[in-house]
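Everything on this sheet refers to the single structure shown next.
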Protein chains: 2
Amino acid sequence: MTYRAPVAEMAFTLRQVAGLDRAIADGLHGDLTPDLVDTILEEAGRFANDVVAPLNRVGDRHGTPLKDGAITMPPGYREAYRAWTEGGWNALPGPVAYGGQGLPILLNAACIEMWNSAAMAFGLGPLLTAGGVEALSRHGSEELRARYLEKLVSGEWTATMNLTEPQAGSDLSALRTRAEPVGDGSFRVRGEKIYITWGEHDLTDNIIHLVLARLPDAPAGTRGISLFLVPKVLPDGSRNDLRCAGIEHKLGIHGSPTCTMVYGERDGALGWLVGEPNRGLACMFTMMNNARLGVGLQGVAIAERATQQALSYARDRRQGRAGAAAEGGGASAIIAHPDVQRMLLTMKALTGAARSLCYLTAEAIDRAHRAPDAADRRAAQARASLLTPVAKAFATDIGIEVASLGIQVHGGMGFVEETGAAQHLRDARIAAIYEGTNGIQAIDLVTRKVPLEGGAVVRGQIGSMRAVAERLVKEGTEAFGHTAPRLRETIEALDRATSFMLRALGSNRPDEALAGATPYLRLFGLAQGCASLAQGALAASAALKGGDTDPAHPARIALARFFAENVATAARGLEETVTGGAGFLQDAPLALAG
Amino acid sequence: MTYRAPVAEMAFTLRQVAGLDRAIADGLHGDLTPDLVDTILEEAGRFANDVVAPLNRVGDRHGTPLKDGAITMPPGYREAYRAWTEGGWNALPGPVAYGGQGLPILLNAACIEMWNSAAMAFGLGPLLTAGGVEALSRHGSEELRARYLEKLVSGEWTATMNLTEPQAGSDLSALRTRAEPVGDGSFRVRGEKIYITWGEHDLTDNIIHLVLARLPDAPAGTRGISLFLVPKVLPDGSRNDLRCAGIEHKLGIHGSPTCTMVYGERDGALGWLVGEPNRGLACMFTMMNNARLGVGLQGVAIAERATQQALSYARDRRQGRAGAAAEGGGASAIIAHPDVQRMLLTMKALTGAARSLCYLTAEAIDRAHRAPDAADRRAAQARASLLTPVAKAFATDIGIEVASLGIQVHGGMGFVEETGAAQHLRDARIAAIYEGTNGIQAIDLVTRKVPLEGGAVVRGQIGSMRAVAERLVKEGTEAFGHTAPRLRETIEALDRATSFMLRALGSNRPDEALAGATPYLRLFGLAQGCASLAQGALAASAALKGGDTDPAHPARIALARFFAENVATAARGLEETVTGGAGFLQDAPLALAG
C-alpha cells in the first residue's frame, strides 16, 4: 500500500484551523498567497508520493550497514536525497540571506509531515539539519555562518546533534566530553557520543556535528556546557579526527543510522565554539525546540500513513456480514463492521487532532518571529512555548496508538512484516523517546510552561478553546451531535486541572504537579485537539452553507463529532487522575519494592 | 535482565483473589493442599527461571528457519522442551485416565503465565497442544483417544489448530478445505491453511493437526464445517501427505514458527473425523475457549516480564535529581522520579489486574467441571463464559500497553534491540489478534455473554464486585485512600453501561451494542480488575492486622489504591463513550470516505 499525501486536508488545516490565511492577511509572510501555498503543497505531495514513499520498505529491510567507519545508506536514498535538495525542499524554511526561501515554518510543517509519512527514516535526517541551521543562524559567529550556513540550508551538507553520552541521557549535567582551546580560536574535542542520528552516511560530502562539551575551566553541571561545531571534513579538505564507531540495532527506523561517534582518538577533533562559552545548553535548546515540533510531526506522519493503509485494507478485505448486508448476499468489507469503524475513526480523529496541534504550534512560532508588533511576537512566543511539549508528546503518543490500531485492523496480516503495518509501529515507537522523552515534555509543560506569566498563557489558550465551544453552541447544527457539550466538558476539565497544577506549584508542592504531569498533558492534547477539530467542523459547516459541495466537509464535521463523543470522553477521568491521583508519591517506594 | 517468576504474588492471587483455597475447601480438587500448590509453583518457577527464560532472546534472534519442509527450532528449544515434558509440566492439567495429573486449570494458569513470561514463543506451542487434548477428550472417538491422547497429554507429541485460510480469517464460513471419505472411516483432506502455529518443528516425532474442512455434501457456511485429526506421521509410521510450505516473517514471537500448511498435494492427507460431521466449529470452540484464556495469560506474562525489566532498569539507571535528593548529592535512580513511578505503577497495577482476571476465569472453568452440585457447575460455566472474552482481550491489550511503557522507561535504550525491552512489545502485539481478535472478543461479550440468562450472569458478577466495595467501605483503612469511592464509581459506570447494552439488544438495535463493544469490554476489565486488586488489598490488610509483616502486603494495598485512583478513573469516560458514542454508525460512511 503506497502513500498519498493528504494535500487537501493539510491545506484545510493550515488555513482554516492553524490560521495561515489570517497570517498572510496580517502581512506576516510577504507576498506568499494562498494559491502559492496550494501549489507548493501539491508539488511536495507529488515528490513525497513518487520519490520518497518507495524508500520506506527498502530502508527498513536494508538498514544502514557500517564497515570501516563508513555507512552505506539504503538503495535509492542517495538519489532521492539529491533530488530532494535540488528541488529546494531542504531550503524551504531557511533564511533568505543564506539561500533559503524563507517560507513559513507552518507551511514547512505540512511538508515535514509528508516526508515523514513517506519514509520516516529518510525524513529524520533533514530535521537535524534544520536544527543545525537554526542554532548556527541564532548563535554562530559570522565566520561560521559564512562557512557553513549556505550548504546546510541547501542540504548539500547535513547536521547532527550530539548530546547523549552513555551516562548522560535526559540529564545532560553529567556530560564528560571535553574541548580544549588550541589558541587560534579552534578547539580540540575529545569524547564519545551515542544515539547520534545520521552521525555518518554517504548522502553528502560533509557532515556538520554540533557537539556539547566542557571547556577545561567549566563549572560543573549544566552551566558548564558549551556547544561546538565539529565538521567531518575540515575546511582544508582533510578528514577531522572523528569516526562512527558503531551503530545501534533498533526496533525501527532501520533506514536511519544511529551512531556512536568518537571524537579525538588521535590529536583531538577540531571544533569551533558556537555561541558563548558555557551557554551551550541554551544553544542546543534552540535546536531542540525546533526538533521537538519536527518529532511531533513524525507522530502525525506515521499516524496518517498507518490510517491510510488500514483504511485501504478495510475497504478490500471481506469477512462476515455487517448491518444491512447481514440480510443476505456475500461477505461485507470489514469497514462495514461497527468495531472496525470505531478503530478507523479513532485513528483518523487522533491523527487529525494531532495534526491541528502541531500546525497550531508552527503558526505560533512563525508569528513569534514575524509579527510586526512586539507584543504580538511575545504573546506568540509564549503560546509556542506552551504548545511545543504538548504537540511533541501528544502527537508521538498517538502515533504509537494509531500504528498499533493499524496492525489490529489488519488482523493476522498486521503481524506479518510483509504487510508493512508492523513497520509503522516499530518506527513510531522512537518518537515518544527522542528529543526529550514524553515524560520530560510533560514535566516541561507543567513546571515551566503552565506557570508562564502566572498562568495567563495557559488560561489564554483555554479561552481560545472556549470561544470555539461557544461558536458551536450558537451554530447548533444537528450534524454536530453532542460535539459542543463534550467539548465544553473537556475544556472545563482542563481548566480545573490547570488550577490544580498552579496551586500545587504555588504552594511549593512540585511533586504533586509532577505526579500528574503525563495525564495533564494528555488532557491538554485532547482539549486542544477537540477544539481544533471542532473549529474545522465550523469552517466546513460554513462552506457547506455557502454551497461548497466538497464531501470532505461533512467528513470533517463527522470526525469532530466522533472525537468529542468517543475520544475526548476520557477528559474527566484524566482530570480526576491529575487532581486525586498523587497518593502514589507516598506509596511508590512501598508498592515498587521487592 | 533475566526473569524471576513472581511465585509469592501468584500464590496470593490464586488463593486470596481467585479462590483456590475456597475451591480446595469445597472439595473440588481432591487431596490437593495449599502447601502442595506452593511447592508446585516453586518448582515451576525454578524451571521457568533457569531453563525457559534463557531461550527468549535466542528464539527471537535465531527464528525458525524452514528448509525443504523442515524447520529448525532455535538452539536449546529441543532440550528444554524435552526436560519440560519429562518434568510433567505438559501433563499438569491433563486427564488422569491418559497419564495427566488432573490438577486445576487455575494452578496451571499460573504455570502458563510463567512459561510465557520466560519465553512466549516457547510457551505458545503447548497452549495449542492443550487445546488439542481438550478437543479430543471431549469429542474424539474412543479409538482416536486411545491412539493420541496419552502422547499429547505428556507432550511427547504436539497439536495444532488449523482454522484460517487466506480468504477465511475471523469469518470461518468461507473455508474451502475439503475432506472426502475413503470408506474405511478415514478421510482424504485437501487444502491450504495459513497462520498455523507450530505447524512444523523438530521438537517431537509427530505433530497432530486438527483441521477444519468441509465434507462433500456439507451445507454452505459455518454449519458445514467438520473437524479432522490429521497426523504428520501416520499410525503405520509413514509420512502423511502434508507439508509446511512456508513460514511468516513476523513482528515478534520469532521462536514460534507460523506455518502455511498444505494438505493433500498427492493423494490427500489421511485424517479422521473428530466429533459429529458438520459440527466441527463446536469442537473447535472447545479448543478455542481454552486457548483464549491461555492467550490472555500470555498478555499477563509479557506484562509481568516487561515490568520486571523496567523496574530493574529504573533502580539502576541514574539521571537527574528527584525529591529529597534534589537538595544535593549525586543523581537519583530514575525510579525516584514521579513520572517514572507513574509508569512503573501503571505497569504493575495493570499486570496485577489482568492476572486476577485471568485467574478468576480459570477458577470458574475448574468449578464448572468439578463442583459437586449441578447448579453450581452451571453458574460457574456461565461465569467462565462471561469472563473469558474479557480476560483474553483486556489482558492482551494491557500486555501491549505495559510492554510499550517498558520501552519508555528505558528511554533510548528501550529502542535498541539489545536491551530486550523492544522484544516484549513485538511479542505482545500478536496476542490481541490471534484466537479471535480483541474486537471479536468484545462482540462476543456484548452480543452473547452479557445477554446470558437475560443479563442475570453479568449482574451477578457486578454484584460480586459491589460486595468488595462494601467490604472496603466497612474496613475504612486510611492506606486505602480513595480506593472505595473510585471502585464504586467504576462499578456503577459498568452497571449503567450494561443496562444500555441490554436495552440496545432488547430493542433490536444490535449495532448500538456493537458500536460500544470495545469500550464496554475495557470498562468491564477495569471494574473487575479494580475489584480484584481491592479484594487482594483487603486480604493483605487482614494479614497485616494478624501480625504478618510481609512487605508485600502494604505493596498490595498501595497498588490497589493506585489502580483505583489513577487507572480506573477512565471508567466514566468509557461509560459515556458506550452510551453516547454510537452516532458514528450513521456518520462512518461519510467520515471514512475519500
Side-chain angles (χ1 to χ4, degrees), chain A residues 169-171 195 248-251 319-320 323 331 335 338-339 341-342 344-345 407-408 411-412 415-417 422 429-430 432-433 437 439 442-443 481-482 511 514-515 517-518 551-552 554-555 558-559 561-562 565-566 569-570 572-573 576-577 580-581 583-585 587-588 590-594, chain B residues 169-171 195 248-251 319-320 323 331 338-339 341-342 344-345 407-408 411-412 415-418 422 429-430 432-433 437 439 442-443 481-482 511 514-515 517-518 551-552 554-555 558-559 561-562 565-566 569-570 572-573 576-577 580-581 583-585 587-588 590-594:
Chain A
S170 298
D171 177 9
Y195 301 157
E248 305 293 345
H249 173 49
K250 306 187 300 292
L251 176 62
Q319 289 285 283
I335 199 173
D339 191 67
Q341 292 175 343
R342 169 178 292 286
L344 293 168
L345 288 164
I407 292 178
Q408 194 68 21
F415 197 64
V416 174
E417 287 285 2
R429 193 63 194 78
I430 188 58
I433 296 171
T437 65
I443 292 168
H482 302 291
D511 273 2
L514 293 171
T518 288
L559 206 67
R561 178 179 176 183
F562 180 85
E565 293 178 355
N566 286 273
T569 41
R572 272 295 298 279
E576 287 178 1
T577 304
F584 74 80
L585 289 168
D587 288 353
L590 270 178
L592 296 173
Chain B
S170 298
D171 177 9
Y195 300 156
E248 305 293 347
H249 174 49
K250 306 188 300 293
L251 176 62
Q319 289 285 283
D339 191 67
Q341 291 175 342
R342 170 178 293 286
L344 293 167
L345 288 164
I407 292 178
Q408 194 69 22
F415 197 64
V416 173
E417 287 285 3
E418 195 188 351
R429 194 62 194 78
I430 188 58
I433 297 171
T437 64
I443 293 168
H482 304 290
D511 273 2
L514 293 171
T518 288
L559 206 66
R561 178 179 176 183
F562 180 84
E565 293 178 354
N566 286 273
T569 41
R572 273 295 296 280
E576 286 178 1
T577 304
F584 74 81
L585 290 169
D587 289 351
L590 269 179
L592 295 174

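Lettering follows sequence order; numbering is per chain, from 1. All values derive from a computational prediction rather than experimental measurement.
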Do you know which of [options] has the most heavy-atom pairs under 4.5 Å to chain B?
options: Ala552(A), Ala442(A), Ala588(A); result: Ala588(A)
options: Ala432(A), Ala570(A), Gly481(A); result: Ala432(A)
options: Arg342(A), Lys250(A), Glu565(A); result: Arg342(A)
options: Leu559(A), Asp587(A), Asn566(A); result: Asn566(A)
options: Leu514(A), Leu345(A), Ile335(A); result: Leu345(A)

Report which part of [X] has an atom under 4.5 Å of a heavy atom belonging to chain B: side chain, backbone, both, or neither.
X: Glu248(A); result: side chain
X: Phe562(A); result: side chain
X: Arg561(A); result: side chain

Please rank Arg429(B), His482(B), Glu576(B) by heavy-atom pairs under 4.5 Å with chain A and give me the top one. Arg429(B)

Would you mind telling me which of Gly583(B), Gly580(B), Gly573(B), Ala517(B) has the largest number of heavy-atom pairs within less than 4.5 Å of chain A? Gly573(B)

Mind checking whether Thr437(B) and Asp339(A) have side chains closer than 4.5 Å, heavy atoms only? no

With a 4.5 Å limit on heavy-atom distance, are the side chains of Leu251(A) and Glu417(B) in contact? yes

Check [X] against [Y] and note the closest heavy-atom contact, atom names and distance.
X: Pro554(B); Y: Leu590(A); result: CB-CD2, 3.8 Å
X: Asp171(B); Y: Gly320(A); result: OD2-N, 2.7 Å
X: Pro338(A); Y: Asp511(B); result: CG-OD1, 4.0 Å

Measure the CD-OG1 distance between Gln408(B) and Thr518(A) for me, rounded to the nearest 0.5 Å. 8.5 Å

